[in-house]
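Report on one structure; see the data block that follows.
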Protein chains: 2
Amino acid sequence: MATSFAEENYLKIIYRLSESTLEDISTNAVAELTQTKAASVTDMLRKLAEKGWVNYQKYQGVRLTNEGEKIALSIVRKHRLWEVFLVDKMGFNWDEVHDIAEQLEHIESEALINKLDEFLDFPKTDPHGDPIPNKEGILPELGYLHLSELKENKACILMGVAKDSAVFLQLLTRLNLSLGAKLSVKEINPFDRSISLSINENAPVFISHEVAKNILVKLTKD
Amino acid sequence: MATSFAEENYLKIIYRLSESTLEDISTNAVAELTQTKAASVTDMLRKLAEKGWVNYQKYQGVRLTNEGEKIALSIVRKHRLWEVFLVDKMGFNWDEVHDIAEQLEHIESEALINKLDEFLDFPKTDPHGDPIPNKEGILPELGYLHLSELKENKACILMGVAKDSAVFLQLLTRLNLSLGAKLSVKEINPFDRSISLSINENAPVFISHEVAKNILVKLTKD
DNA sequence: AATATTTTTTAGCCTAGGCTAAAAATTTAT
DNA sequence: ATAAATTTTTAGCCTAGGCTAAAAAATATT
């Protein structure tokens, strides 16, 4: 069955919200991300349920069905591959690509997206470190931790971010935090959980717990 | 002023129709290319006139204003650049790219399209030989002739096509007619104006006047 | 347990962009 | 110069996907 622009957006957003929780997704949460009103969301959820893409019961929130998740994953795949294209081939910065990819993700051509995948050398992650589903909709398992979960004196490498708003990414850039940076947690302030962090062996800087929560890392042995 | 998907399509189609005639464009002609009904076209023409993008008087047909032409040229630029991308970088054939480019032409990002232009080395023509407007909306002057205009015994090179439907392009491919082919008009049949044509010095084949009309060439000296 | 607050849904409305059927204008043919 | 045929417009209707305001359900507070 064909999916409209709006339907694809809803499915993608429900998918995103599901990534970070096991609970059902609330109408309001969806409304916030789709930039629409709760009443409009209710309407659309009924329609999506009708088409078998979500399970939805009045007042109970919403979850994707397998079918719905398949569609969402194909949108996510397109979004992330286009982001790689925009950064690697077009020379955009990582904070500039979200809105353009938001449009490109709705281009309908299986053939194109698979050729693009090949052209980009089958990347596993997008410019923010987010995993790219393959043709079959399988996500590579990356097993990253949130920087905020680490104990003091742990060293790690910055592998991705859990949020890709332009302001957040620009903040990271200003702090010299880019993918691949070598990080070391020097101290955790017990009052506000802010972190004193050394970046690429330099003198430590402070970052808030909020920032640390949105940084994905993998531990290094030594 | 922002342009919707539908508005952009109408402007592009009116532009295309204007390319091949100096007369005003009829409602029916637009309806045919937009795949809608004449009544719907009438509605939209009123709206486009309201926005200052076309001159339109009831029953008198329609023409683009300068403003409208500027928008149309920016869509045409995007369409043709994406076609070059699809053929040169993604490896599609020239008869496969139209529908995908039809979607990509509506992606809104000045920055992206200019970077794409650069990435493709500022091509002057698309895979069908159609001229690509530059950033300022200026079309390169190519000065091609229609093969149907040539006299007997004239030699020329195939530079483009005036129609890009998949069936037409597939016919050309089957006849070995691709961009750059060396052509020579051996005979013109006075009955139906069909042409006996030698392609790359090979034994002549027959093509109809209708086909010849849609082939663009430039004359060679000898 | 009752009340207040928050969240979600319903009801009714709006706009963009389609459609059909009938009316009006234009063009062609007699 | 009429009549016939064709083209275009009008009128009224439809669907997708939004909205606001009011009602209903769920949740939180006293």
Side-chain angles (χ1 to χ4, degrees), chain A residues 1-15 17-18 21-64 68 71-72 75 102-103 105-106 108, chain B residues 1-15 17-18 21-64 68 71-72 75 102-103 105-106 108:
Chain A
M1 197 186 297
T3 46
S4 72
F5 200 100
E7 288 166 346
E8 290 185 357
N9 266 326
Y10 275 92
L11 293 174
K12 176 190 66 181
I13 276 162
I14 296 166
Y15 175 83
L17 290 166
S18 306
T21 176
L22 296 170
E23 324 247 305
D24 290 4
I25 307 305
S26 75
T27 302
N28 264 354
V30 176
E32 192 170 343
L33 291 210
T34 49
Q35 313 251 56
T36 61
K37 298 299 153 109
S40 309
V41 173
T42 299
D43 269 11
M44 183 57 102
L45 294 184
R46 256 199 305 99
K47 291 179 200 165
L48 294 176
E50 196 107 323
K51 299 197 175 191
W53 297 330
V54 300
N55 288 122
Y56 166 66
Q57 312 256 56
K58 273 193 201 184
Y59 296 102
Q60 299 299 120
V62 68
R63 302 198 66 74
L64 293 174
I71 299 171
I75 306 298
E102 204 87 333
Q103 298 178 62
E105 73 192 6
H106 301 290
E108 191 181 305
Chain B
M1 200 185 298
T3 47
S4 73
F5 200 99
E7 288 166 345
E8 291 185 356
N9 265 329
Y10 274 92
L11 293 174
K12 175 190 66 182
I13 277 161
I14 297 167
Y15 175 83
L17 290 166
S18 305
T21 175
L22 295 170
E23 323 246 307
D24 289 4
I25 308 306
S26 76
T27 301
N28 264 355
V30 175
E32 192 170 341
L33 291 211
T34 49
Q35 314 251 57
T36 60
K37 297 300 154 108
S40 309
V41 173
T42 300
D43 269 10
M44 183 56 103
L45 294 185
R46 257 198 307 96
K47 291 180 200 165
L48 294 177
E50 195 107 325
K51 299 198 176 192
W53 297 331
V54 300
N55 287 124
Y56 166 67
Q57 311 257 55
K58 272 191 199 185
Y59 296 102
Q60 301 299 119
V62 69
R63 303 196 64 73
L64 293 175
I71 298 171
I75 306 298
E102 204 88 333
Q103 298 178 63
E105 73 191 6
H106 301 290
E108 191 182 306

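When reading the values below, keep in mind they use all heavy atoms of this one structure, side chains included, and skip hydrogens, waters and symmetry mates. Chain letters run A, B, ... following the sequence lines, proteins first and then strands; every chain starts at 1.
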*Short side-chain to backbone donor-acceptor contact, B:Thr42 and B:Ala38, under 3.5 Å*: yes

_Interatomic distance, A:Lys12 atom NZ to A:Ile75 atom CD1 [nearest 0.5 angstrom]_ = 8.0 Å

*What are the bounds, 5' to 3', of the part of DNA chain D that sits under 4.0 Å from heavy atoms of chain A?*
D:dG17 to D:dA26

_Residues A:Arg63 and A:Glu23 bridged, charged N to O under 4.0 Å_ = no

*Just checking A:Thr27: base, sugar-phosphate only, or nothing, at a heavy-atom cut-off of under 4.0 Å?*
sugar-phosphate

*Taking for each residue the nucleotide of DNA chain D bearing the nearest heavy atom, is the 5' side occupied by B:Leu45 or by A:Ala38?*
B:Leu45

*Round to a whole Å and report the spacing from CZ of A:Arg46 to P of C:dT8.*
16 Å

*With sugar-phosphate meaning primed atoms plus P, OP1 and OP2, does B:Thr42 contact a base, only sugar-phosphate, or nothing at under 4.0 Å between heavy atoms?*
base

*Would you give the length of the straight line joining atom OG of A:Ser26 to atom OH of A:Tyr59, rounded to the nearest 0.5 angstrom?*
14.0 Å

*asked:* Any heavy-atom pair between the side chains of B:Met44 and B:Glu7 that's under 4.5 Å?
replied: yes

_Main-chain N/O of A:Glu108 paired with B:Gln103 side-chain donor or acceptor, under 3.5 Å_ = yes

*Using a cut-off of strictly less than 4.0 Å between a heavy atom of the residue and any atom of DNA chain C, enumerate the qualifying residues of residues 1-11 of chain A by number.*
none

*Looking for any heavy atom pair under 4.0 Å, which part of the strands does A:Ser40 touch: base, sugar-phosphate only, or nothing?*
base

_B:Ser40 side chain vs B:Thr36 backbone, donor-acceptor pair below 3.5 Å_ = no

*Starting from C1' on C:dA25, measure out to CG on B:Asp24 and report it in whole angstrom.*
16 Å

_Please compare A:Lys58 and B:Ala29 by the position of their nearest nucleotide in DNA chain D and report the one closer to 5'._
B:Ala29

*asked:* For residues 28-47 of chain B, which residue pairs pass the salt bridge (Lys or Arg N to Asp or Glu O under 4.0 Å) check, not counting sequence neighbours?
replied: B:Asp43-B:Arg46

*Which atom names give the shortest non-hydrogen contact between B:Leu11 and B:Leu48, and what distance separates them?*
CD2-CD1, 4.2 Å

_Distance check needed: C:dT5 P versus A:Asn28 CG, whole Å only._
18 Å

